[in-house]
Amino acid sequence: MKRHVYVVVLDGLRSQDLDEALTPTLLTLLGEGTRLPGQAVPDLLESVLELGFQVVPPDTSYPADAVTSHRLHALIDSADPERVFVRFGDCDPPLGVVRSLAVRTSDEQVGKLVRHLKATGRWERSVLVVVAGGCAAVSAQRHLDADSLLRGKVSVAGRRLRWTGPASDRAVAWKHLQSVVSRIPGPAAVVPLLVAGPVSTVELDATVGRLLGLPTTGTPIT
């Protein structure tokens, strides 16, 4: 029986977020599956495309995860691809209650996927890989707008900053701007979190092992 591999990236999730209240689905999958070594994987998206994964297009509307989840289930039902890649979560959620809600919502989408695979008889042939992190970058604009001296005076375009405030303030504000930018966190690492599925031992084939930077054919993960 050929296995179907589903790689789910939860943007903004950190391993320390695992908690009974916020991530009950992930904790259940960890109990049934295998925690991965936690080694960062560079260029995950590039590898996904090279290895022929079907990528579920993310949605930018609200609620984004619900729309993406619907697209994921529709793709599985219509094409039943052997390799699927999908992203949920928020790359740069605010701290506090809003961030906790974002983590809980990501966990719920994983639960929906597992239930859908079981309901449609696909779970028995499935390997689910959950990856934490994966954000391209933390939003510089959000950090700049949070600063009272810079709010509304600096715009971000890619990696470039453009001063849009009064020209007379530019010289004084520039050193402060450099200080603020130096404290903005860099890109989050892409870290495989767990492998789950209906079997107790998952032997990764060469392509999936290459994707995750893990041992390949002949080396089981137990």
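Small disclaimer: the values here were computed from a predicted structure and weren't measured. These numbers come from the heavy atoms of this one structure, side chains and all, not from hydrogens, waters or symmetry mates.
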If I take atom [atom1] from residue [X] and atom [atom2] from residue [Y], how far apart are they, to the nearest 0.5 angstrom?
X	Y	atom1	atom2	value
Y6	E82	OH	CD	9.5 Å
L27	E32	CG	CD	11.5 Å
S126	K118	OG	NZ	10.5 Å
L10	D17	CG	CG	10.0 Å
L117	H73	CG	NE2	7.5 Å

Using modelled atom types and a 3.5 Å cut-off, is there a donor and acceptor pairing between side-chain atoms of [X] and backbone atoms of [Y]?
X	Y	result
R83	L51	yes
T34	L30	no
H4	P81	yes
T164	K153	yes

Which heavy atom of [X] sits nearest to which heavy atom of [Y], and what is that distance?
X	Y	value
G89	S106	CA-OG, 3.2 Å
W123	G197	CZ2-CA, 3.7 Å
R151	A146	NH2-O, 3.6 Å
A196	L29	CB-CD2, 3.9 Å
F53	F85	CD2-N, 4.0 Å
L149	D147	N-OD1, 2.9 Å

(message) Between V7 and V84, does the side-chain contact (heavy atoms from CB on, under 4.5 Å) criterion hold? Intermediate values first, please.
(response) CA-CA 6 Å; V7 175; V84 180; over 6 Å; no

(request) Determine, step by step, whether H70 and V56 satisfy the side-chain contact (heavy atoms from CB on, under 4.5 Å) criterion, reporting the C-alpha distance in whole Å, the side-chain angles of both residues, the deciding distance to 0.1 Å, and the verdict. (result) CA-CA 10 Å; H70 176 76; V56 179; over 6 Å; no

Should [X] and [Y] count as side-chain neighbours, where that means a heavy-atom distance under 4.5 Å?
X	Y	result
V131	R87	no
D80	L75	no
V154	L177	yes
D77	R122	yes
L13	F88	no
V8	L128	yes
V55	V86	no

(request) Indicate yes or no: does K112 engage D65 in a salt bridge with an N to O separation below 4.0 Å. (result) no

(request) Taking only Lys NZ, Arg NE, NH1 and NH2, and the carboxylate oxygens of Asp or Glu, determine whether D19 and R104 approach each other closer than 4.0 Å. (result) no

(request) Would you verify whether the NZ or CZ of R170 falls within 45 degrees of the ring axis of W174 while also being under 6.0 Å from that six-membered ring's centre? (result) yes

(request) Using side-chain hydrogen bond (donor to acceptor under 3.5 Å, both in side chains) as the criterion, point out the one residue from T25, T28, T23 that pairs with D107. (result) T25

